[in-house]
Amino acid sequence: MSDLDKNNERLVIVTGGTRGIGLAIARQLAKQGYALALWFHQRKPAESLLAELLSCGAAALYCDQVNVSDRASVVKALAALQASPYAVYGLVNNAGILQQKPFESLTDQEWDHLLDINLKGSFICAQLVMPLMRHKGLGSIVNISSSGGQLGGTLAVHYAVSKAGVIALSKSLARVGADNQIRVNCVAPGLIETEMTQGEISSSAGVEKVNQLIPLHRVGQPDEVADAVSFLLSDNSRYITGQTLNVNGGLYMG
Ligand code: NDP
């Protein structure tokens with residue numbers, strides 16, 4: 001059985017899958033023939049984008065508005081997928097937000113809001129999706145962390161904490177899922193060119209980071225993160241679980 005034959009029976013959910021890194025992941029998985037469920041939050045994708053993904057090779061495409069930090073919203077989206085003929089094989093917990101603000105002025109509300117999306121959202125999605133995978137006895141979850149979660153940071157302490165939590169969540173869920181052949185891994189990108197990092201990349205601090213701290217001396221592209229995610233979803237990584245794959249040009253070597 002070729003990968004394409006297997007993939008076109010497998011549904012992968014990508015949260016935040018219609019722009020930035022999530023869209024690059026969706027494009028890559030579409031080319032590999034998976035059926036895709038792409039969840040956006042506020043920005044409904046253009047029909048032309050969905051048509052493009054289908055024409056790339058996606059076996060099927062479902063698109064829904066989901067707030068990953070709201071359990072009821074995730075339950076509703078998963079219920080809608082039950083009618084599809086595809087087994088949920090993969091989950092990419094990619095949805096996330098970044099806020100840069102000095103630690104001294106961070107409010108409780110800002111802390112909770114960011115942690116709710118970046119960390120609790122991954123917990124909720126995994127907790128609801130794993131029983132569907134368990135039913136089939138096979139699955140792969142990839143959580144998107146960040147080098148910020150490995151290095152810490154002064155301007156986004158809550159973000160760093162959320163992304164460190166994503167690494168611990170991945171290791172724990174790898175243990176929870178192992179008996180049912182559900183693998184759980186993490187990808188930790190460094191500085192990747194998306195809307196989220198536009199400001200940082202064009203700032204003098206960003207230029208200095210690229211020149212001084214990133215051994216490969218360039219920012220990364222979303223498709224370079226997608227390559228790592230698609231590897232961890234695929235059977236080529238069948239003996240890999242509980243790991244963090246750094247895609248960061250050498251910014252952090254863990
Ligand atoms: P973008 O800001 O470009 O995209 C963020 C995505 O998350 C959007 O699709 C957005 O949906 C979605 N999203 C935000 N809040 C929610 C929510 N409550 N529920 C569901 N979806 C939501 O970011 P990137 O593509 O750059 O980042 C993707 C992931 O990669 C994030 O987890 C980020 O922390 C991580 N990362 C990024 C790095 C970078 O350098 N860019 C570095 C390290 C990690 P909508 O379009 O509807 O708003």
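Whatever order the structure lists ligands and atoms in, that order sets their numbers, starting from 1. Residues take their numbers from the sequence shown, with the count starting at 1. Since this is a predicted model, take the numbers as computed values, not measurements.
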State whether a side-chain donor-acceptor pair under 3.5 Å links [X] with [Y].
X    : Y    : answer
S237 : R183 : yes
D116 : S69  : no
Q127 : R71  : yes
D223 : Q28  : no

Point to revise | Ion pair check, D70 and K120, cut-off under 4.0 Å | key: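 No, no charged N to carboxylate O under 4.0 Å.
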Review point. Considering residues, nucleotides and ligands other than K101, do more than 12 of their heavy atoms fall under 6.0 Å from its NZ?
Key: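 Yes.
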Note down each nitrogen or oxygen pair, ligand 1 side and protein side, whose separation is under 3.5 Å; give only atom names and the distance to 0.1 Å.
unit_1	atom_1	unit_2	atom_2	d
ligand 1	2 (O)	R19	NH1	3.4
ligand 1	3 (O)	R19	NH1	3.4
ligand 1	7 (O)	G96	N	3.4
ligand 1	9 (O)	G16	O	3.3
ligand 1	18 (N)	N67	OD1	2.9
ligand 1	19 (N)	V66	O	3.3
ligand 1	19 (N)	V68	N	3.0
ligand 1	25 (O)	I21	N	2.8
ligand 1	26 (O)	T194	OG1	2.5
ligand 1	32 (O)	N94	O	2.7
ligand 1	32 (O)	K163	NZ	2.9
ligand 1	34 (O)	Y159	OH	2.6
ligand 1	34 (O)	K163	NZ	3.1
ligand 1	40 (O)	G190	O	3.3
ligand 1	40 (O)	I192	N	2.8
ligand 1	40 (O)	I192	O	3.2
ligand 1	41 (N)	I192	O	3.2
ligand 1	41 (N)	T194	OG1	3.2
ligand 1	46 (O)	R19	NE	2.6
ligand 1	47 (O)	H41	N	2.7
ligand 1	47 (O)	Q42	N	2.6
ligand 1	47 (O)	R43	N	2.9
ligand 1	48 (O)	R19	NH2	3.1

